[in-house]
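What follows is a set of notes on a single structure, which appears directly below.
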Amino acid sequence: MPLDTYDKIMMLAKRRGFIYPSFEIYGGVAGFYDYGPLGSRLKLNIENLWRSFYILKDNCIEISTPTITLYEVLNASGHVDEFTDLTVDCKKCNQSYKVEDIINNISVDEAIKENKIKCPNCKTNLKDAYPINLMFSTKIGFGKVRDAFLRPETAQGIFIDFHLLYRYVREKLPFGVIQVGRGYRNEVSPRQGIIRLREFSMAEAEVFIDPENKTHPNFNKIKNLEIKLFDNIKEMKISVEKAVDKNVINNQALAYYMILTQEFLYSAGVDPEKFRFRKHSDNELAHYATECWDAELFSERFGWIECVGIADRSAYDLQSHIDSSGKDMYALRKYEEPKIVDVKKIIPKMNELGPLFKGNAGKIKSILENLEMEDSKKITINFDGKEVEIPNNCYEIVETKEKKIGDKFVPHVIEPSYGIDRILYCIIEHSFFEGKEKDEEYKILKLNPKIAPIKVGVLPLTNDDRLVSIACELDDNLRNAGIETYYDDGGSIGRRYARMDEVGTPFCITIDHDSIKDNSVTIRDRDTTKQIRKKIDELIPFLKEKIDN
RNA sequence: GCGGAUAUGAUCUAGUGGUUAUGAUAGUGGCUUCCCAAGCCACUUGCCCGGGUUCAAAUCCCGGUAUCCGCACCA
């Protein structure tokens with residue numbers, strides 16, 4: 001079978017130090033890959049380019065939170081329940097099954113209870129189904145431990161710091177918070193190499209906005225840019241403004257981050273012909289999302305791959321953490337003028353509550369105080385999973401006037417979430433070109449200079465000591481100026497160019513015999529192989545400009 | 001997770017129940033003094049793991065692991 005693009009890229013990636021299978025000497029484990037010297041550099045450059053879009057262009061703030069995440073956080077977010085598959089073990093032959101795999105269309109509870117399910121292997125009745133979670137679990141501490149997971153997304157770390165961050169930005173919406181880091185999912189069946197990993201890198205932004213004002217301050221700057229949309233039938237290119245006006249995209253904020261994503265991906269070297277946004281249909285929306293667009297990149301082997309998800313998560317996450325932690329995570333929409341409003345308040349009488357509820361009286365007091373006053377005369381609260389009626393001698397209802405300066409509300413969240421590994425793979429694939437040069441297969445990685453791991457190859461034409469010493473000094477100077485170089489004096493000049501082309505180095509500087517006389521060198525452009533001559537003194541500003549373009 | 005295929009240096013690959021396991025590419029050192037994978041010399045790295053059959057297994061059988069394809073699941 002002939003090698004396809006994926007095979008060729010993974011071979012090149014391994015040979016040249018981009019990507020290696022992890023733990024290979026012990027047989028390897030599916031879903032884990034190492035980034036080699038060039039791969040980690042490339043990844044870092046992509047992440048930093050991403051940061052420049054979010055921190056510089058969009059004024060987001062960045063935080064960094066633990067990858068080990070407390071059980072309570074992921075329970076509140078729904079991951080403990082959502083990331084679960086029901087499993088059952090055969091008591092006789094010890095085989096484990098995912099329940100979904102062995103029953104069809106009957107209720108799980110019923111089927112298990114009624115002993116309807118037999119082990120496909122040894123035909124014993126199966127019972128006691130239990131859920132297994134797709135998160136990696138761990139424990140914190142020894143002895144008295146707390147349950148935890150490796151985080152399946154970086155987002156929760158941002159949500160649970162909301163109140164602090166809201167204060168940091170001096171209580172103004174909208175604001176965006178980013179986090180770049182690793183996430184972990186114990187995939188059932190990871191394949192597709194680096195496209196589906198069990199430990200992967202993501203870059204996420206959580207942008208908090210007022211649900212009654214889903215605009216974006218920079219929208220005017222980008223409204224005329226054209227965005228590439230796919231509605232599951234055909235592709236279209238329309239201006240961002242039109243997309244929002246026609247309600248193809250629900251709101252400005254969502255549209256703004258979509259175009260920011262498009263610009264980032266183009267800037268990182270994605271082929272515009274192999275890029276589109278696809279809208280999630282209603283039945284594939286996550287339970288918390290009201291609208292979601294995936295940026296998809298095309299890959300020869302895998303087809304369209306979801307590399308970025310941009311979701312309107314509404315108030316789901318913050319509300320969940322408010323409910324479950326009790327922390328105040330509201331934002332305030334201030335009135336022009338403070339208002340005086342009538343409020344009804346419940347004042348608990350502790351001298352009655354105390355004797356009646358003993359140790360629980362304190363908790364009941366705070367529940368009562370936070371209760372929304374209704375008109376009904378009976379007050380029942382939900383305490384410890386039970387409905388508890390509070391006798392009316394235990395509290396007093398007072399009507400007072402209060403000054404209100406605004407409305408409290410739970411901000412909505414627009415979440416652009418980027419799979420860095422997937423993007424990295426697609427960029428390599430989109431940059432990969434090959435041809436034949438005198439019967440020799442020739443491979444070029446046309447990486448954008450901004451993200452190329454090595455910017456400049458420094459090559460003395462011959463091993464003449466005079467050329468070598470000029471080259472070494474130049475190499476040193478370029479590095480001190482912050483330009484990553486690769487010095488190479490081995491083999492023929494053609495071979496050295498080829499080596500640099502294969503790892504995506506955009507420029508090669510050759511020091512030849514004329515350099516000794518007039519301090520000039522040639523700069524070869526990777527994509528055209530054209531050479532120009534420059535004085536060594538002019539080199540650094542010239543290259544810097546080319547690299548930053 | 002189910003079914004099928006595959007597994008030989010860093011990469012690709014030949015090979016057979018029986019000496020020291022091919023060849024190429026890449027890499028390293030040297031010669032060559034050279035502008036697009038030139039040549040010459042020398043050198044480095046390998047039969048996925050475990051068990052079985054056998055006098056003898058990289059080769060045959062079983063199990064595991066990984067990779068690829070299909071199904072299922074998922075982002």
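Proteins come first, then strands; the chains are lettered A, B, ... in the order of their sequence lines, and each starts at number 1. Since we're looking at a predicted model, the values are computed, not measured.
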Quiz item: Of all the nucleotides listed (B:rA37, B:rG70, B:rC35), which has the minimum atom distance to the side chain of A:R191?
Solution: B:rG70
Self-check item: Distance-only donor-acceptor test, A:Y497 side-chain atoms vs B:rC35 base atoms, 3.5 Å
Solution: yes
Quiz item: At under 4.0 Å between heavy atoms, what does A:G28 touch on the DNA or RNA strands: base, sugar-phosphate, or nothing?
Solution: sugar-phosphate
Quiz item: Can you check side-chain contact (heavy atoms from CB on, under 4.5 Å) on A:I19 and A:Y35, steps first, answer last?
Solution: CA-CA 5 Å; A:I19 298 163; A:Y35 284 101; 4.2 Å; yes
Self-check item: Any A:Y6 side-chain nitrogen or oxygen under 4.0 Å from OP1 or OP2 of B:rU67
Solution: no
Quiz item: Does A:T529 put a side-chain nitrogen or oxygen below 4.0 Å from OP1 or OP2 of B:rC36?
Solution: no
Self-check item: Atom P, compared across B:rC48 and B:rA10: separation rounded to whole Å
Solution: 12 Å
Write out a two-atom table: protein N or O, nucleotide N or O from nucleotides 6-11 of chain B, distance below 3.5 Å.
from, atom 1, to, atom 2, distance (Å)
B:rU11, OP1, A:K14, NZ, 2.7

Exercise. Could you point out which residue of A:R15, A:R526, A:R495, A:R496 forms a salt bridge (Lys or Arg N to Asp or Glu O under 4.0 Å) with A:E502?
Key: A:R15
Exercise. Say whether, by atom type as modelled, one donor and one acceptor occur between the side chain of A:Q179 and the main chain of A:T154 under 3.5 angstrom.
Key: yes
Quiz item: A:F302 vs A:Y6 aromatic rings, parallel, tilted or perpendicular, using cut-offs 30° and 60°?
Solution: perpendicular
Quiz item: Can you check the A:I509 CD1 to B:rC36 P distance for me, whole Å?
Solution: 19 Å
Quiz prompt | Whether A:F32 and A:F136 hold their rings parallel, tilted or perpendicular, with breakpoints at 30° and 60° | solution = tilted
Practice problem: Look at all strands and tell whether A:D512 reaches a base, only sugar-phosphate, or nothing, counting heavy atoms closer than 4.0 Å. | Solution: base
Exercise. Look at the side chain of A:R524 and the base of B:rC35, then say whether one donor and one acceptor between them are separated by less than 3.5 Å.
Key: no
